[in-house]
Engineer: 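Here it is, the structure, as C-alpha cells.
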2 protein chains.
Amino acid sequence: MKNLLPDAAAFRLTGRVWVEGATERFLGIGRLELLEHIQATGSISKAAVAMGMSYKRAWDLVQSLNAQAARPLVATQTGGKSGGGTVVTPEGEQALAEFRGIQARFQEFLAEETRRLRE
Amino acid sequence: MKNLLPDAAAFRLTGRVWVEGATERFLGIGRLELLEHIQATGSISKAAVAMGMSYKRAWDLVQSLNAQAARPLVATQTGGKSGGGTVVTPEGEQALAEFRGIQARFQEFLAEETRRLRE
DNA sequence: ATGGGTTATGTTTGGGCAAACATAACGGTG
DNA sequence: CACCGTTATGTTTGCCCAAACATAACCCAT
C-alpha cells in the first residue's frame with residue numbers, strides 16, 4: 001500500500017468489533033466503558049455524566065445488556081439510601097474481562113496490519 | 001462468555017475495519033466493493049445501480065479515493081463512444097488486492113474469536 | 001448538428017437516530 | 001411524612017448524513 005499513498009505514515013488500519021446477538025448488538029467498546037464507569041461510581045447517572053451521555057441513553061444500554069444476557073450483568077436498586085444505585089454483577093465482571101481480552105487482541109491485529117501496509 | 005448467554009450459538013463477534021488517512025476514511029469494504037463493480041462494468045453509473053446507491057454517492061466516493069492516493073485508483077473519461085467510462089488503474093488493482101488480504105485476515109480473526117467466546 | 005450515455009456538480013428533501021426534555025416511582029432518612 | 005438522589009420511562013426536538021432531484025459538460029457516432 002505504501003507506494004500508493006502520498007504519506008504512508010499518516011495512514012493506518014482502524015476499525016471496531018462487537019459481540020452481536022440474534023437481532024441486536026450485545027457488547028462493544030462503548031458498553032464496555034459504560035460498565036467500567038458504573039463499576040467505578042456505583043451509579044448509572046454518575047457514569048452517564050462521566051461519559052458525557054444522557055442518563056436515558058445509558059439506562060437504555062443497560063437494559064439492552066441485561067435483556068440479552070442469561071443473568072443480569074448489572075443490578076440496579078431504586079430508592080433507599082442515597083436514592084438507589086447500580087452495581088456490576090460477577091457475570092458483568094466476567095463479560096468485562098473477556099471483552100477486554102478481545103479488544104486487546106483486536107488492537108494488536110490492527111497494529112500488525114498497519115505495519116504491513118506501511119512496508 | 002458462553003455461560004453468560006442464553007443461546008451462545010446465536011452470538012458472534014463481528015466488526016469492520018478500514019484504512020484511515022490523516023483526516024478521512026480512505027478504503028473500507030464499501031469502497032472495495034464499489035471498485036470491484038467498476039472493474040466489472042467499466043462505469044461508475046452502472047456500478048452505482050448494481051450496488052443500489054445513487055450515482056452521486058458513488059462518484060463522491062471515487063473522488064475521495066483518488067484525492068487521497070498518490071496516483072488515481074480509477075481513471076474516468078467523459079463523453080466519447082458510449083458516453084465515456086471508468087476503469088480501475090493498476091494502482092487501483094493493487095489497492096484492491098491488498099485490502100482483500102486485510103479483509104480475509106480480519107474475517108479469520110473474527111471467526112477465531114467467535115470460536116473462543118463460544119467455548 | 002443532433003442524439004445518446006456517461007461523467008461532473010450543486011441544491012433540496014427526508015428519515016433515522018441521538019440528544020434533550022419532562023415526569024413518575026421508589027424507599028431510606030431525618 | 002416530606003425530602004433527596006437515583007432509577008424508570010415516555011415524548012419531543014434537533015441534527016446529520018444519505019437519498020433524491022436537477023443540470024451542465026463532454027465527445028464520439030450517425
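Order of the sequence lines fixes the chain letters, A, B, ..., with proteins taken first and strands second; residue numbering starts at 1 for each chain. FYI, side chains are in, hydrogens and waters are out, and symmetry mates aren't considered; it's all heavy atoms of this structure.
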Engineer: Look at B:R12 together with A:E20 and state whether they make a salt bridge at an N to O cut-off of under 4.0 Å.
Structural biologist: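 A salt bridge is present here (some side-chain N lies under 4.0 Å from a carboxylate O).
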
Engineer: Enumerate the residue pairs fulfilling ring pair (Phe, Tyr, Trp, His ring centres under 6.0 Å) with a member in residues 65-100 of chain B, sequence neighbours excluded, ordered by first and then second residue.
Structural biologist: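 Output for this query is empty, none listed.
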
Engineer: Quick one: side chain to side chain donor-acceptor pair (under 3.5 Å) pairs with a partner in residues 78-89 of chain A, sequence neighbours left out?
Structural biologist: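 Non-adjacent pairs meeting side chain to side chain donor-acceptor pair (under 3.5 Å): A:T89-A:E91.
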
Engineer: Indicate whether OP1 or OP2 belonging to C:dA8 is found under 4.0 Å from a side-chain N or O atom of B:W59.
Structural biologist: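 For B:W59, the contact criterion (side-chain N or O under 4.0 Å from OP1 or OP2 of C:dA8) is met.
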
Engineer: Nearest heavy atom decides the nucleotide; on that basis, is B:Y55 or A:M53 closer to the 5' end of DNA chain C?
Structural biologist: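 Here B:Y55 is the residue nearer the 5' end.
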
Engineer: Which nucleotide in the list D:dT6, C:dT7, C:dT6 gets nearest to the side chain of A:K46?
Structural biologist: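 From the listed options, D:dT6 comes nearest.
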
Engineer: For A:R71, I'd like to know if atom CZ has over 12 heavy atoms of other residues, nucleotides or ligands within 6.0 Å.
Structural biologist: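 Check fails, neighbour count at 12 or below.
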
Engineer: When rounded to the nearest 0.5 angstrom, what is the spacing between CZ in A:F109 and CD in B:E112?
Structural biologist: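 If we round to the nearest 0.5 Å, A:F109:CZ and B:E112:CD are 12.5 Å apart.
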
Engineer: Quick one: do the A:S64 and A:R31 side chains pair a donor with an acceptor below 3.5 Å?
Structural biologist: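 Per modelled atom types, A:S64 and A:R31 side chains form a pair under 3.5 Å.
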
Engineer: Check this for me: does any side-chain nitrogen of one of A:E113 and B:R105 sit under 4.0 Å from a carboxylate oxygen of the other?
Structural biologist: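 B:R105 and A:E113: salt-bridged.
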
Engineer: Just do the side chain to side chain donor-acceptor pair (under 3.5 Å) check on B:T41 and B:S43 with the steps written out, would you?
Structural biologist: CA-CA 5 Å; B:T41 62; B:S43 150; 5.0 Å; no

Engineer: D:dG5 P sits how many Å from A:I44 CD1, rounded?
Structural biologist: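 Computing the A:I44:CD1 to D:dG5:P distance gives 18 Å.
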
Engineer: Expressed as a whole number of angstroms, how long is the span from B:R57:CZ to C:dT7:P?
Structural biologist: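 Answer to the nearest Å: 17 Å.
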
Engineer: Give the cluster check for B:W18 versus B:V62: same hydrophobic cluster or not, with ILVMFWY residues linked at side-chain heavy-atom distances below 4.5 Å.
Structural biologist: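 They do not share one cluster, since no chain of ILVMFWY contacts under 4.5 Å joins B:W18 to B:V62.
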
Engineer: Let's see if you get this right: which residues in residues 18-43 of chain A place a heavy atom under 4.0 Å from DNA chain D?
Structural biologist: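 Heavy-atom cutoff 4.0 Å gives A:S43.
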
Engineer: Find every protein N or O atom lying less than 3.5 Å from an N or O atom of nucleotides 11-14 of chain C, and list the pairs.
Structural biologist:
none

Engineer: Take a 6.0 Å sphere around CZ of B:R16 and say whether it holds more than 12 heavy atoms from other residues, nucleotides or ligands.
Structural biologist: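 No, the 6.0 Å shell around CZ holds no more than 12 heavy atoms from other groups.
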
Engineer: Please list, chain by chain and in numerical order, all residues satisfying ring-ring contact (aromatic ring centres under 6.0 Å, His included) with A:F11, sequence neighbours excluded.
Structural biologist: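 Result, ring-ring contact (aromatic ring centres under 6.0 Å, His included) vs A:F11: B:F26.
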
Engineer: Which residues within residues 60-83 of chain B lie with some heavy atom under 4.0 Å of an atom in DNA chain C?
Structural biologist: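 Residues of residues 60-83 of chain B that come under 4.0 Å of DNA chain C are, in numerical order, B:T76, B:Q77, B:T78, B:G79, B:G80, B:S82, B:G83.
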
